[in-house]
Amino acid sequence: MFQSKYVMVGNLRTHYLEAGQGEPLMLLHSGEYGASAVNSWEYNIEALSKHFHVYALDMVGFGYTDKLFSFDDAQGFRFNHIREFMRVMCIQEASFIGNSVGGGMILSAAAQDQPILPIKKLITISGGGPINPDVFEILNNYDCSKEYMEKILDLLFYDDKWKSGEYLEKRYATSLIPGVWEAATAARLKSPAAKEKERHIPDYGKIKVPVLICAGENDTLKFPDYAQKLQSSIPHAKVRVFKNSSHCAHIEKSEEFNEIALEFLLNN
């Protein structure tokens, strides 16, 4: 199905999953506690790798990649890590799929005057645009208990089958990998003397590559008009809304998502 591998990216030992042949396809996972490449993409890689050379890396600070955080420029630090990973793997250009934080990062990169990542096409799943602050606050206060992980999964998923059993155990185990909690929590640390930063929304109108916006009809982390508003700000963007799913439609509706993603990537 896929291979689990490691590579040195600069001085960062980086874990990634690899499968398939052909044009490169990069998968970027979400950013909540317990997120990782395998927890985000294990239900998608096999189908996608029949047509693409798939790379799904644990972003810096997550999963089995080294645990570091930049207080100066957290997103830029992650961008540089991904870009350097692509250089090490000799990937000159790739299509990207990202969920939540991963999707927002790809949109931000594509909106840059000179994009830091060489993006051919992109699919974002509940990524980009504003987020519901009340629900987001719940995600950010994880206490490393299994009960709280159940609460997180209740926000991420619509179907109860993803909130217990094997999937709960995998997410919970990933959240307890040494350094994972610290790296994720570091983003909330702030000096008492620091000024409050305004959340910067990129100018998505600058995006020049084809974009597919995927959303879950029951996503409480996003506002009900998330997909439509994001579409209106991106030239020629397409939208697909998945019924009976929440923030991770690519997992809850994996077969439907895989089919739609391949149609977009292969035919647009």
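Note: hydrogens, waters and symmetry copies are ignored here, and every other heavy atom, side chains too, is used.
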Subject >> Shortest non-hydrogen contact between N258 and A47, atoms and distance >> reply: ND2-CB, 3.6 Å
**OP:** Answer with yes or no whether the hydrophobic clustering places Y158 together with M149; edges join I, L, V, M, F, W, Y residues whose side-chain heavy atoms lie under 4.5 Å apart.
**Re:** no
Original post:
Between T185 and Y33, do the side chains contain an N or O donor and an N or O acceptor separated by less than 3.5 Å?
Top reply: yes
Original post:
With side chains defined as the heavy atoms from C-beta onward, is the minimum distance between D66 and N11 less than 4.5 Å?
Top reply: no
Original post:
Linking I/L/V/M/F/W/Y whenever any side-chain heavy atoms sit under 4.5 Å apart, do M8 and Y55 land together?
Top reply: no
Original post:
Are E23 and H51 close enough, and set up right, to give a side-chain contact (heavy atoms from CB on, under 4.5 Å), and what steps lead you there?
Top reply: CA-CA 8 Å; E23 290 189 12; H51 301 273; over 6 Å; no
Subject >> Distance (rounded to the nearest 0.5 Å) between S175 OG and K146 NZ >> reply: 10.0 Å
Original post:
Does K67 reach the main-chain N or O of G63 with its side chain, forming a donor-acceptor pair under 3.5 Å?
Top reply: yes
Original post:
Can you tell me how far CG of L262 sits from CZ of F257, rounded to the nearest 0.5 angstrom?
Top reply: 9.0 Å
**OP:** Indicate whether any N or O donor in one side chain lies under 3.5 Å from an N or O acceptor in the other, for D72 and S70.
**Re:** no
**OP:** Answer yes if Y64 and W181 sit in the same cluster of Ile, Leu, Val, Met, Phe, Trp and Tyr residues linked by side chain heavy atoms under 4.5 Å apart, and no otherwise.
**Re:** no
Subject >> Any donor-acceptor N/O pair, Y172 side chain to C144 backbone, under 3.5 Å >> reply: yes
Subject >> Aromatic ring proximity, centroids under 6.0 angstrom, F157 and Y167 >> reply: yes
Subject >> Minimum heavy-atom distance between I97 and I106, given as atom pair plus value >> reply: C-CD1, 3.6 Å
Subject >> CD/E259: more than 12 non-hydrogen atoms of other groups inside 6.0 Å >> reply: no
Original post:
Does the side chain of N80 reach to within under 4.5 Å of the side chain of D73, using non-hydrogen atoms?
Top reply: no
Original post:
Would you say the side chain of M26 lies within less than 4.5 Å of the side chain of M86, judging by non-hydrogen atoms?
Top reply: yes
Subject >> Pair T174, N39: side-chain N/O donor-acceptor within cut-off below 3.5 Å >> reply: yes
Original post:
Any chance NZ of K170 has more than 12 other-residue heavy atoms, nucleotides or ligands included, within less than 6.0 Å?
Top reply: yes
Original post:
Say you draw a straight line from CE of M105 to CZ of F96; how long is it, rounded to the nearest 0.5 Å?
Top reply: 9.0 Å
Original post:
Are the charged groups of E252 and K161 less than 4.0 angstrom apart, N to O?
Top reply: no
Original post:
Are I82 and V9 joined in one hydrophobic group, where the rule is that I, L, V, M, F, W and Y side chains link up if heavy atoms are under 4.5 Å apart?
Top reply: yes
**OP:** Heavy atoms only: give me the nearest S100-S30 pair and the separation to one decimal.
**Re:** CB-CB, 3.7 Å
Subject >> Pairwise side-chain contact, N141 with D143, heavy-atom cut-off 4.5 Å (strictly under) >> reply: no
Original post:
Would you call V209 and I207 a side-chain contact if the rule is heavy atoms closer than 4.5 Å?
Top reply: yes
**OP:** Go through the steps to decide whether N99 and C248 satisfy the test side-chain contact (heavy atoms from CB on, under 4.5 Å), and finish with yes or no.
**Re:** CA-CA 7 Å; N99 174 221; C248 301; 3.7 Å; yes
Subject >> Contact summary for C214 and I123, nearest pair of heavy atoms >> reply: SG-CG2, 3.9 Å
Original post:
What are the two closest heavy atoms between A56 and I45, and how far apart are they?
Top reply: CB-CD1, 4.3 Å
Original post:
Between F69 and F71, does the ring centroid distance fall short of 6.0 Å?
Top reply: yes
Subject >> N132 vs T220 side-chain heavy atoms within contact, under 4.5 Å >> reply: no
**OP:** Let me see the working for T65 and M59 under side-chain contact (heavy atoms from CB on, under 4.5 Å), right down to the final yes or no.
**Re:** CA-CA 7 Å; T65 292; M59 289 189 285; over 6 Å; no
Original post:
Cluster question for you: counting only ILVMFWY and a side-chain heavy-atom cut-off of under 4.5 Å, with indirect links fine, are V7 and I91 together?
Top reply: yes
**OP:** Go through the steps to decide whether Y16 and D58 satisfy the test side-chain contact (heavy atoms from CB on, under 4.5 Å), and finish with yes or no.
**Re:** CA-CA 6 Å; Y16 68 101; D58 285 341; over 6 Å; no
Subject >> Y43 ring center near H250 ring center (under 6.0 Å) >> reply: no
Subject >> Criterion salt bridge (Lys or Arg N to Asp or Glu O under 4.0 Å) on D160 and K163, from CA distance to verdict >> reply: CA-CA 5 Å; D160 287 342; K163 305 173 187 179; 3.2 Å; yes
Subject >> Approximate separation, where rounding is to 0.5 Å, of I125 CD1 and H247 NE2 >> reply: 9.5 Å
Original post:
Taking all atoms of both residues into account, what is the closest heavy-atom pair of P224 and Q228, and its distance?
Top reply: O-OE1, 3.9 Å
Original post:
Can you name the one residue among R240, K253, K222, K243 that meets salt bridge (Lys or Arg N to Asp or Glu O under 4.0 Å) with E217?
Top reply: K243
Subject >> Side chain proximity check, L122 to L212, heavy atoms < 4.5 angstrom >> reply: no
Subject >> CG-CG distance between N218 and L221, expressed to the nearest 0.5 angstrom >> reply: 12.5 Å
Original post:
Can you tell which of D219, I131, I213 makes a side chain to side chain contact (heavy atoms under 4.5 Å, CB included) with Y226?
Top reply: I213
Original post:
Counting only heavy atoms not in F136, do more than 12 sit closer than 6.0 Å to its CZ atom?
Top reply: no
Original post:
With no hydrogens and no angle check, is any side-chain donor or acceptor of R83 less than 3.5 Å from a backbone partner on I116?
Top reply: no
Original post:
Among E84, H81, K5, which one satisfies side chain to side chain donor-acceptor pair (under 3.5 Å) with T14?
Top reply: H81
**OP:** Please examine the side chains of N244 and D159, heavy atoms only from C-beta on, and report whether any two atoms are closer than 4.5 Å.
**Re:** no
Original post:
Under 3.5 Å, is there a donor-acceptor pair between the side chain of S40 and the main chain of A37?
Top reply: no
Original post:
Can you tell me if E18 and H53 form a side-chain donor-acceptor pair at under 3.5 Å?
Top reply: yes
**OP:** With rounding to the nearest 0.5 Å, note down the distance linking CG in L17 to OG in S36.
**Re:** 8.0 Å
